[in-house]
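Take a look at the structure set out below.
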Amino acid sequence: MKLPRMKKRRDFLRAAQRGKRAARPGLVIQALEGTGGPMRLGFTVTKKVGNAVVRNRTKRRLREAARLVLGDTPPEGWDLVLIGRDETRSRPFTQLQGDLRGALKQTGVAP
């Protein structure tokens, strides 16, 4: 199942300014509650992580982890921004999923 995406810069900035933040070794999450619609996801990776190939590979891993963790029952009314880190691409996939679950609990998205 394909999850709804955030694509506009202003949505990313709003989540960064007003949202809750949680950091894990594999990723950083910014979660903004109360958007009044279906959950939307945004993915970003800074240039510090590597060139375009590396950044895109990192985003693909984040997208797949989000699909597996949130795909069945995405929580309503949240905007989530997943930020890839240097360790995202080398972290074992099960640990990356665990990082995402832990960050979702810390920000209050998941119970």
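Worth knowing before you read on, the calculation uses all heavy atoms, side chains too, and leaves out hydrogens, waters and symmetry mates. Since the structure is predicted, the reported quantities are computational estimates derived from the model, not experimental observations. Numbers for residues simply follow the sequence, beginning at 1.
When all heavy atoms are compared, the tightest approach of V81 to M6 is CG2-CE, 3.6 Å. Across every non-hydrogen atom of G26 and L96, the tightest pair is O-CD1, 3.8 Å. Here the closest heavy-atom approach between residue L104 and residue L70 is recorded as CD1-CD2, 3.6 Å.
Of the listed residues (K20, R101, R24), just one forms a side-chain hydrogen bond (donor to acceptor under 3.5 Å, both in side chains) with Q106, and that residue is R24. Exactly one of R40, R14, R18 qualifies for a side-chain hydrogen bond (donor to acceptor under 3.5 Å, both in side chains) with D79. That residue is R40.
A distance of 13.0 Å separates OG1 in T58 from CZ in R85, rounded to the nearest 0.5 Å. Interatomic distance, T44 OG1 to L62 CG, rounded to the nearest 0.5 Å: 10.0 Å.
Side chain of R21 to main chain of Q30: no donor-acceptor pair is present (N/O by atom type, distance under 3.5 Å, no hydrogens or angles).
At a threshold of 4.5 Å between non-hydrogen side-chain atoms, the residues R89 and V49 count as touching.
The pair R61-E64 does not count as a salt bridge, with every side-chain nitrogen at least 4.0 angstrom from each carboxylate oxygen.
Under a cut-off of 6.0 angstrom, the local environment of CZ in R57 is sparse, with at most 12 non-hydrogen atoms contributed by other residues, nucleotides or ligands.
Residues that satisfy the side chain to side chain donor-acceptor pair (under 3.5 Å) test with R91, not counting sequence neighbours, are E87, D99.
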